[in-house]
**Student:** 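This structure is in structure tokens; I'll ask about it shortly.
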Amino acid sequence: MSKRTPLYDAHLALGAKMVDFGGWDMPLHYGSQIEEHHIVRRASGMFDVSHMTIADLEGARVREFLRYLLANNVDKLTVPGKALYTCILNERGGVIDDLIVYFMSEQWFRLVVNAATRDKDLAWITRHADAFGVTVKERDDLAMIAVQGPAACDAVHGLLGDAAPRIAALAPFHAVMAGELFVARTGYTGEDGYEIMLPAVQAAGFWQRLQAAGVKPIGLGARDTLRLEAGMNLYGADMDENTTPLESGLGWTVAWEPAARDFVGRAALEAQRARGITLTQVGLVLNDKGVLRNHQQVFIGGETAGEITSGSFSPTLGIAIALARLSREAQGECEIEIRGKRVAARIVKPPFVRHGKSCIESQ
Amino acid sequence: MSKVPANLKYIKSHEWVEPQADGTVKIGITDHAQDLLGDMVYVDLPQPGRVLKAGQECAVVESVKAASDVYSPIAGEVIAVNEALAASPELVNKDPYGEGWIMRLKPANPVELDNLLDADGYAALIAAEAH
């Protein structure tokens with residue numbers, strides 16, 4: 001049987017269409033995925049992301065451990081509450097998962113990893129943590145709600161009482177504890193907003209208060225088109241254990257300096273860099289009508305150039321868009337094979353949409 | 001619950017057929033099908049004049065979620081397609097049995113209509129799929 005979040009009953013009461021997602025029974029949409037997408041771009045929406053795995057890492061050597069475990073460098077985190085996006089790599093430089101790490105104190109860091117990769121992530125992290133005397137504690141007592149959109153922050157502030165000014169002062173990619181709430185100014189939509197972790201027993205009440213404040217429930221369907229427009233990778237589609245960050249548009253998350261910092265996968269990435277990176281991530285925009293889909297083949301000058309890793313329809317732009325992995329640096333025009341026919345597309349630099357506005361018109 | 005109008009015929013791949021007074025038939029996808037697929041964003045329509053066999057792929061409906069083939073319930077020639085779907089594919093969601101129709105066909109062999117599911121048969125089929 002699929003797992004259920006503390007908001008499962010709330011989703012059913014809202015008439016959600018439920019689907020299996022990584023072993024969880026989750027809302028795909030509450031009526032119209034496209035309408036929900038527009039709500040997040042124009043007003044505010046809330047997502048139940050309680051299926052994601054929260055793990056607290058504790059120990060005197062936790063920073064040293066994460067310096068070794070993660071491809072990005074936790075030494076960038078100097079202020080408590082600061083967050084960092086990073087990949088966790090295997091010895092071949094392949095991506096085991098992408099995650100956000102929060103610096104809480106020198107004895108405590110918090111990780112948020114994907115739901116579908118929970119088991120292998122926790123096994124991998126725990127296996128390496130032992131040598132550093134670091135304990136890994138899954139926080140399945142917490143729920144997580146993302147509130148996103150141009151009106152999201154104000155809506156959340158209205159529910160926080162005395163804590164509101166402290167939350168309102170949060171810079172992007174920072175988090176703070178507000179009583180039992182952990183509030184982070186992060187997200188997966190390309191809009192402003194918060195991701196809020198709170199005790200599971202409080203989740204339904206908080207969800208209801210957000211709804212009363214005018215925030216609309218948004219399903220995982222719109223979450224995917226929002227993140228794609230924002231040019232954000234999806235684990236398992238845009239990168240996995242057989243691809244490195246360097247060929248997945250995630251080179252910016254690999255901290256090469258200081259050169260003396262060893263991390264899992266570093267040697268493999270350095271070898272790949274020395275050989276030359278032959279694969280690269282690009283954005284695609286379909287010129288004609290139709291929809292781009294994962295695994296469609298991309299052709300440049302009639303020759304195979306790679307394939308789409310994430311394709312869909314962009315509700316904001318009204319056209320199909322995609323992320324693709326191509327065999328070389330490419331610009332300009334290309335063709336996509338859709339049901340045996342080649343259709344014209346254009347290579348662009350993601351993101352496609354940020355803060356409600358198109359980023360591709362000038363390209 | 002999905003709507004299953006009593007006056008239509010159906011096939012198990014979720015297309016409906018509505019016989020017209022002039023002997024042609026109108027074809028579309030069912031309310032149940034559009035509900036499964038979600039918001040439509042593109043409909044790839046057949047060329048008028050195309051001659052189809054029963055069960056042949058004739059159109060593709062694409063929702064945000066997935067692309068799905070549409071099959072012709074009976075043999076015949078395509079005599080019209082719903083041009084409004086090019087600009088407004090969401091008509092398939094809003095009015096699957098009305099403004100969201102996909103094509104009109106001139107049946108090659110009208111007796112084929114007798115082999116299709118009636119509303120009760122189709123309703124039983126989708127009820128069984130739900131279990």
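In the text below, chain A, chain B and the rest are named by the order of the sequence lines, each starting its count at 1. Scope of the values below: all heavy atoms of this structure, side chains included, with no hydrogens, waters or symmetry mates. Since we're looking at a predicted model, the values are computed, not measured.
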**Student:** Count the heavy atoms belonging to other residues, nucleotides or ligands that lie under 6.0 Å from NZ of A:K216, then report whether that count exceeds 12.
**Tutor:**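 No, the 6.0 Å shell around NZ holds no more than 12 heavy atoms from other groups.
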
**Student:** Could you go step by step and tell me if B:V64 and A:H29 meet the side-chain contact (heavy atoms from CB on, under 4.5 Å) rule?
**Tutor:** CA-CA 11 Å; B:V64 198; A:H29 61 74; over 6 Å; no

**Student:** Under 6.0 Å from the CD atom of B:Q56, do we count more than 12 heavy atoms belonging to anything else shown?
**Tutor:** yes

**Student:** If you round to the nearest 0.5 Å, how far is NZ of B:K65 from OG1 of A:T225?
**Tutor:** 13.5 Å

**Student:** Just so I understand: if I count every heavy-atom pair under 4.5 Å between each of B:A86, B:G38, B:A66 and chain A, which residue has the most?
**Tutor:**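 Highest number of heavy-atom pairs under 4.5 Å: B:A66.
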
**Student:** Could you go through the side-chain contact (heavy atoms from CB on, under 4.5 Å) check for B:L36 and A:K17 one step at a time?
**Tutor:** CA-CA 9 Å; B:L36 285 180; A:K17 184 171 188 69; 4.2 Å; yes

**Student:** When heavy-atom pairs shorter than 4.5 Å are enumerated against chain B, which of A:Q33, A:R293, A:R339 gives the highest number?
**Tutor:** A:R293

**Student:** Against chain A, label B:A67 side chain, backbone, both or neither, depending on which of its atoms sit under 4.5 Å from a heavy atom there.
**Tutor:**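 The answer is both parts of B:A67.
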
**Student:** Rounded to the nearest 0.5 Å, how far does CD1 of A:I338 lie from OH of B:Y42?
**Tutor:**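 Atom-to-atom, B:Y42:OH and A:I338:CD1 are 8.0 Å apart.
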
**Student:** Heavy-atom distances under 4.5 Å only: say whether B:V60 touches chain A with side chain, backbone, both or neither.
**Tutor:** side chain

**Student:** Could you tell me whether A:E303 atom CD has more than 12 heavy atoms of other residues or ligands within 6.0 Å of it?
**Tutor:**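 No, the 6.0 Å shell around CD holds no more than 12 heavy atoms from other groups.
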
**Student:** Tell me, for A:S32 versus chain B, whether the close heavy atoms (under 4.5 Å) come from the side chain, the backbone, both or neither.
**Tutor:** both

**Student:** Please report the closest heavy-atom contact between A:I34 and B:V41, naming both atoms and the distance.
**Tutor:** CD1-CG1, 3.5 Å

**Student:** Is the shortest side-chain N to carboxylate O distance from B:D44 to A:K289 below 4.0 Å?
**Tutor:**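 No, this pair does not count.
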
**Student:** With a 4.5 angstrom heavy-atom cut-off, is it the side chain or the backbone of B:N93 that approaches chain A, or both, or neither?
**Tutor:**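 Contact with chain A is absent: no heavy atom of B:N93 under 4.5 Å.
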
**Student:** Among A:G290, A:G31, A:G221, which has the most heavy-atom pairs under 4.5 Å with chain B?
**Tutor:** A:G290

